[in-house]
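Inspection log for the structure reproduced underneath, given as structure tokens.
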Amino acid sequence: MKRRSFVLGGLAGAAGAGLLLRPSDRGAPHTDYFRGLSTALDHAGLAAPRLVIDRKLLHDNVATLKRHIGNRFHYRIVAKSLPSIELLEEVIQSADSNRLMLFHQPFLNRVAERLPQADVLLGKPLPVAAAARFYAEYRGESFNASRQLRWLLDSPARATQYADLADTLGEDMLVCLELDVGLHRGGVQSNEELETTLAIIQASRHLKFAGLMGYEPHIVKVPGGPERYKQAAMDAYRGYVASAKGYLGSDWPQDVVLNCGGSPTYQLYDEGDYPFNELAAGSCLVKPGDFDLPSLADHQPASYIATPVIKTSDGVKIPGIDLGQLQSLWDVNRRRTVFTYGGFWKALPVSPQGLSTNTIYGRSTNQEMLNGSAATDLAVDDWVFLRPDQSEFVFLQFGDIAVLEQGRISEYWPVLGQHSA
């Protein structure tokens, strides 16, 4: 009897442990914020997936950024993270900065046409053919490319290519050099390489050195704490500045651009003396999910994907060997199924709370299965809201951005095209 009791006790204990491991109900209906957003979308007559930006939260994030940067540095707006002319205009006005960082030739031509006051720095070295395409499509608008556009070079070979292009076109071109300050994603990697590249620029009839860029997002991502890596990045940056100044002497520009930072790191420079004179950031103004970092704790999510529910059902049904019944039995968060209009975006569902994709059923860009508990309280034609992981590519997938303002959709901002005309 004692042995039998021991076995039964063991089984009971195992069962109890199993119950403890079963998922608890994570579901909840829409919060007041998302109920209000649902009403705004319905009143606007929208019925397909749409990217929504909350105008107030966008401005709040701009104010947060300005409070950190103050008057210590210039602020350069990263356009790939805010890929809409109207969105960029909103930030330019709110942040009081006309400095943009661009990464894509079609965007560059559109900015030259629509934002002729912009001061542009390329955020990555473009193939020289892309630079040639810019000039082929450039119509000599009010934007003066020879004064307002700084191309980015990362090697002596690239400098030679751009020097040849500038000679062929007879165009004066401002150029900045990309520095490797620890990210190890390209850029000049030694003082010797820096000076060799500067020599090519100085020998050119049409290239003019305009500054340096050192990008350092790794300092908040590699193990060991940001201060150690920040110090190493700044030491490298200072060394390159000293080398370039020493090499150029009186040719060092009075209006030199010394760019650094990004959304994950810009707040690390609130105090101290640093070798750069401007900080770049963009994603923190809309704060996608990948930017939930300690360094951005005072920024708020300001963008969401909204998509309608087109089907609902109880439980989970999976074709073939139906494991859905077992899933529903075990996990209360798989007691309801909804299919959304579209899906498989770089995004995670956030409202109603507790929704998740089903790895056994699989993903779909047409009709995405999401499971949740009954507490999600979703019906056909209700809205599901997802938070983008990033902004730069995701924002381009939904047509015009819907702008939420004071409880209604107040306007629509077209996104920039991915391709040249």
Side-chain angles (χ1 to χ4, degrees), residues 11-52 288-289 292 301 303-389 394 397-398 402 404 407 409:
L11 291 173
L19 288 173
L20 289 175
L21 293 174
R22 292 182 70 175
S24 59
D25 191 339
R26 298 188 297 271
H30 284 311
T31 62
D32 289 345
Y33 178 85
F34 289 106
R35 277 196 294 271
L37 181 48
S38 296
T39 300
L41 294 167
D42 289 339
H43 286 174
L46 298 178
R50 183 71 70 150
L51 195 286
V52 182
D292 281 341
S303 59
Y304 295 97
I305 297 165
T307 188
V309 173
I310 55 176
K311 301 171 184 175
T312 67
S313 62
D314 290 327
V316 180
K317 299 181 178 68
I318 296 174
I321 301 173
D322 188 359
L323 299 177
Q325 293 182 15
L326 290 176
Q327 287 187 326
S328 298
L329 263 173
W330 174 254
D331 187 353
V332 67
N333 300 290
R334 297 200 185 275
R335 300 283 168 83
R336 292 281 293 162
T337 291
V338 301
F339 287 92
T340 61
Y341 190 148
F344 213 166
W345 301 295
K346 289 178 68 66
L348 292 175
V350 292
S351 191
Q353 182 179 311
L355 294 175
S356 63
T357 57
N358 192 303
T359 55
I360 296 176
Y361 189 87
R363 308 295 303 275
S364 173
T365 58
N366 177 36
Q367 300 178 58
E368 180 91 283
M369 174 194 274
L370 295 175
N371 300 141
S373 75
T376 57
D377 195 28
L378 281 172
V380 170
D381 295 336
D382 287 345
W383 292 91
V384 167
F385 297 96
L386 302 95
R387 189 171 166 210
D389 294 338
V394 177
Q397 299 178 64
F398 303 94
L404 177 69
I409 303 301

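In this chain, numbering begins with 1 at the start of the sequence shown.
- Every residue meeting the side chain to side chain contact (heavy atoms under 4.5 Å, CB included) condition with Leu348, not counting sequence neighbours, appears here in chain and number order: Asp389.
- Scanning both residues, Thr365 and Phe344, for their nearest heavy atoms gives CG2-CB, 3.7 Å.
- In terms of the side chain to side chain donor-acceptor pair (under 3.5 Å) criterion, residue partners of Ser373 (sequence neighbours excluded) are, by chain and number, Asp25.
- The minimum heavy-atom distance linking Ala347 with Leu386 is given by the pair CB-CB, 3.9 Å.
- In this structure, Pro388 and Ser303 approach most closely via the heavy-atom pair CD-O, 3.5 Å.
- Under the salt bridge (charged side-chain N to carboxylate O under 4.0 Å, His left out) criterion, Arg387 pairs with Asp292, sequence neighbours left out.
- The minimum heavy-atom distance between Val52 and Leu37, with the atom names listed, is CG1-CD1, 3.9 Å.
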Query raised in the report: Can you check side chain to side chain contact (heavy atoms under 4.5 Å, CB included) on Thr357 and Leu370, steps first, answer last?
Result: CA-CA 5 Å; Thr357 57; Leu370 295 175; 3.8 Å; yes
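- Leu355 has its side chain within reach of Leu378: a pair of non-hydrogen atoms, C-beta onward, lies under 4.5 Å apart.
- Side chain of Asp331 to backbone of Pro23: no donor-acceptor contact under 3.5 angstrom is found.
- Evaluation of the side-chain hydrogen bond (donor to acceptor under 3.5 Å, both in side chains) test over residues 341-351, restricted to residues two or more places apart or in two chains, returns His30-Ser351.
- Residues Phe398 and Leu51 share a closest heavy-atom pair of CB-N, 3.6 Å.
- Tyr361 is linked by a ring pair (Phe, Tyr, Trp, His ring centres under 6.0 Å) to Phe339, counting only residues two or more places apart in sequence or in another chain.
- Applying the salt bridge (Lys or Arg N to Asp or Glu O under 4.0 Å) definition to pairs two or more places apart or across chains, those involving residues 347-367 are Arg363-Glu368.
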Report task. Start with the C-alpha distance between Ile318 and Gln327, add both sets of side-chain angles, then the distance that settles side chain to side chain contact (heavy atoms under 4.5 Å, CB included), and finish with yes or no. Result -> CA-CA 10 Å; Ile318 296 174; Gln327 287 187 326; 3.8 Å; yes
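- Legend: residues meeting salt bridge (charged side-chain N to carboxylate O under 4.0 Å, His left out) with Arg35, ordered by chain and number and at least two apart, are Asp32.
- Pairs engaging residues 375-386 under the side-chain hydrogen bond (donor to acceptor under 3.5 Å, both in side chains) rule: Asp42-Trp383 [sequence neighbours left out].
- With sequence neighbours left out, the side chain to side chain contact (heavy atoms under 4.5 Å, CB included) criterion links Gln353 to Ala28.
- Among residues two or more places apart in sequence or in another chain, the side chain to side chain donor-acceptor pair (under 3.5 Å) test is passed with Arg334 by Asn371.
- Checked against a 6.0 Å centroid threshold, the rings of Phe385 and Phe34 count as neighbours.
- Evaluation of the salt bridge (Lys or Arg N to Asp or Glu O under 4.0 Å) test over residues 304-320, restricted to residues two or more places apart or in two chains, returns Asp314-Arg336.
- Scored by the side chain to side chain contact (heavy atoms under 4.5 Å, CB included) test, Ser313 finds Thr337 as partners (sequence neighbours excluded).
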